[in-house]
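Note that the coordinates shown come from a computational prediction; the quantities given were computed from them, not determined experimentally. Computation of the quantities below employed the complete heavy-atom set of this structure, encompassing side-chain atoms and omitting hydrogens, waters and symmetry-equivalent molecules.
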Amino acid sequence: MRIVNDASYPPFETLEKGKMVGFDVDVIKALAKAAGYKYKLENVGWDPVFAELKSKTADMSISAISITEDREKTYDFSNPYYRSINEIMVPKSSKIKSAQDLKGKTVAVQQGTTGQYAVEKVLGKNNPKIKKFKTVNLAIMEMLNHGADAVVADNGVMDYYVKNNPGKNLKTVGDEKTFDGEFYGIMYPKDSKLKATFDKAIKKIIDDGTYSKIYKKWFDKEPDLDKLQANN
């Protein structure tokens, strides 16, 4: 079984000394074990993930992919395995306190993500002040180099970066009124026979405590299983 991802999104998937590590990497290992499958996980990049599943050259992707109505037209998704919400990252000295404060500012995002779409809802589609990058790390670098006032991406990524880079004097700003909570799912080609098997595996690792162990390892807190399972 061939699984593809974009390993540039810590703490979900990233490369450390040539080895792929992250929350998603641990989750798929546990799920494959529970489902009885052997697999190969390949880092192909964000846009190729979608192309590979569309052309059915890969069996699935686990890569911090938000389940959206638009994506569901082309792909199948598993039951949710992670709850996420977009968040704003800014320098500690920034006066930005909400999504509305982004108006008139330059905002860096990863191209083709829900972070981009969330900012477009506030600033307008095709706004030249929205700078789009291939990876979230490049978007963060743009802000650190004073090319943007803020970065918008998923809270797991933002919180992890701020925590692990205390010398960069950054903070995160949440805005649950403007940004909708969303869920990550495993993405499959349409009509995949693997969905039912892996949905059972997701339930199994949640029920036996494996999921909570992995979650605590990467996020230093307990997962909100009620919110997660309400959508299963």
Side-chain angles (χ1 to χ4, degrees), residues 1 3-13 22-28 30-32 34-35 39 41 44-56 58-87 109-121 136 152-159 174-176 178-207 211-212 214-215 218-219 223-232:
M1 185 170 64
I3 307 173
V4 292
N5 73 1
D6 172 22
S8 65
Y9 211 62
F12 294 95
E13 41 268 313
F23 175 75
D24 283 350
V25 179
D26 287 353
V27 166
I28 199 64
L31 289 176
Y39 67 96
L41 183 59
V44 297
W46 183 248
D47 290 335
V49 158
F50 293 85
E52 292 237 21
L53 292 192
K54 200 171 180 180
S55 64
K56 300 190 176 181
D59 297 295
M60 66 172 79
S61 174
I62 184 164
S63 197
I65 304 170
S66 300
I67 303 166
T68 66
E69 279 184 26
D70 195 45
R71 287 172 181 163
E72 284 180 313
K73 290 172 189 168
T74 311
Y75 308 95
D76 282 346
F77 280 91
S78 68
N79 287 338
Y81 71 88
Y82 179 84
R83 184 180 184 270
S84 158
I85 191 162
N86 277 294
E87 202 168 56
V109 296
Q110 182 179 359
Q111 188 171 352
T113 61
T114 56
Q116 176 189 325
Y117 310 140
V119 174
E120 284 175 346
K121 275 186 186 173
V136 74
V152 173
D154 295 340
N155 59 332
V157 174
M158 301 280 96
D159 294 343
D175 187 343
E176 296 224 8
T178 306
F179 297 146
D180 296 326
E182 50 197 46
F183 293 91
Y184 293 170
I186 297 167
M187 193 168 75
Y188 309 93
K190 270 285 179 201
D191 304 316
S192 171
K193 292 185 170 68
L194 292 168
K195 176 179 158 51
T197 305
F198 275 81
D199 280 347
K200 281 181 194 161
I202 289 170
K203 185 177 186 308
K204 183 176 187 296
I205 70 164
I206 288 172
D207 290 347
Y211 177 85
S212 292
I214 296 168
Y215 194 98
W218 289 101
F219 302 108
D224 187 337
L225 294 178
D226 291 337
K227 276 186 181 167
L228 186 65
Q229 291 180 300
N231 284 268
N232 279 352

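- Side-chain contact between L228 and P80 is present, with heavy atoms from C-beta onward closer than 4.5 Å.
- Residues A51 and Y75 come closest through the heavy atom pair N-OH, 4.5 Å.
- Shown here for S212 and L225, the closest heavy-atom pair between the two residues is OG-CD1, 3.9 Å.
- For the pair T178 (side chain) and D175 (backbone), a donor-acceptor distance under 3.5 Å is absent.
- A donor-acceptor contact under 3.5 angstrom links the side chains of Y9 and D154, judged on distance only.
- In plain terms, the two heavy atoms of I67 and E72 that are nearest each other are CG2-OE2, 3.5 Å.
- Between atom CE of residue M187 and atom CG of residue D76 there is a gap of 10.5 Å, rounded to the nearest 0.5 Å.
- Legend: residues meeting ring-ring contact (aromatic ring centres under 6.0 Å, His included) with F198, ordered by chain and number and at least two apart, are Y37.
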Run the side chain to side chain contact (heavy atoms under 4.5 Å, CB included) check on N86 and E182 step by step: do they pass? CA-CA 8 Å; N86 277 294; E182 50 197 46; 3.7 Å; yes
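- Looking at heavy atoms from C-beta onward, I28 lies out of side-chain contact with E13 at the 4.5 angstrom threshold.
- Between S84 and N155 the shortest side-chain heavy-atom distance falls below 4.5 Å.
- A donor and an acceptor atom, one from each side chain of D24 and Y184, are nowhere located under 3.5 Å apart.
- A donor-acceptor contact shorter than 3.5 Å links the side chain of Y211 to the backbone of Y81.
- Of all heavy-atom pairs spanning Y82 and G156, the tightest one is OH-CA, 3.8 Å.
- Once rounded to the nearest 0.5 Å, the distance linking CD1 of I186 with CD1 of I3 reads 7.5 Å.
- The CE atom of M1 sits 10.0 Å away from atom CG of L41, with the distance rounded to the nearest 0.5 Å.
- Looking at D70 and T68, their side chains never bring a donor and an acceptor atom within 3.5 Å of each other.
- Checked by atom type and distance alone, the side chain of S78 never pairs as donor or acceptor with a backbone atom of G185 at under 3.5 Å.
- Shortest non-hydrogen contact noted between S61 and N5 is OG-CA, 4.2 Å.
- Residues forming a side-chain hydrogen bond (donor to acceptor under 3.5 Å, both in side chains) with D199 (at least two apart in sequence, or on another chain): K195.
- No donor-acceptor distance shorter than 3.5 angstrom exists from the side chain of R83 to the backbone of G181, with no hydrogens or angles considered.
- For the atom pair CZ (F77) and CD1 (I65), the distance works out to 6.0 Å, reported to the nearest 0.5 Å.
- Ring-plane geometry between W46 and F50 is classed as perpendicular, the angle between the planes exceeding 60 degrees on a 0 to 90 degree scale with a lower cut at 30.
- Within 6.0 Å of NZ in K121 there are 12 or fewer heavy atoms belonging to other residues, nucleotides or ligands.
- T197 contributes no side-chain N or O that, together with a main-chain N or O of A35, makes up a donor-acceptor pair within less than 3.5 Å.
- Across all non-hydrogen atoms, the minimal contact from L53 to A58 is CD2-O, 3.5 Å.
- Atom CG of D47 sits about 6.0 Å away from atom CD of Q111, to the nearest 0.5 Å.
- Rounded to the nearest 0.5 Å, atoms CD1 (I202) and CG (L31) are 5.5 Å apart.
- Side chain of Q116 to main chain of G112: a donor-acceptor pair is present (N/O by atom type, distance under 3.5 Å, no hydrogens or angles).
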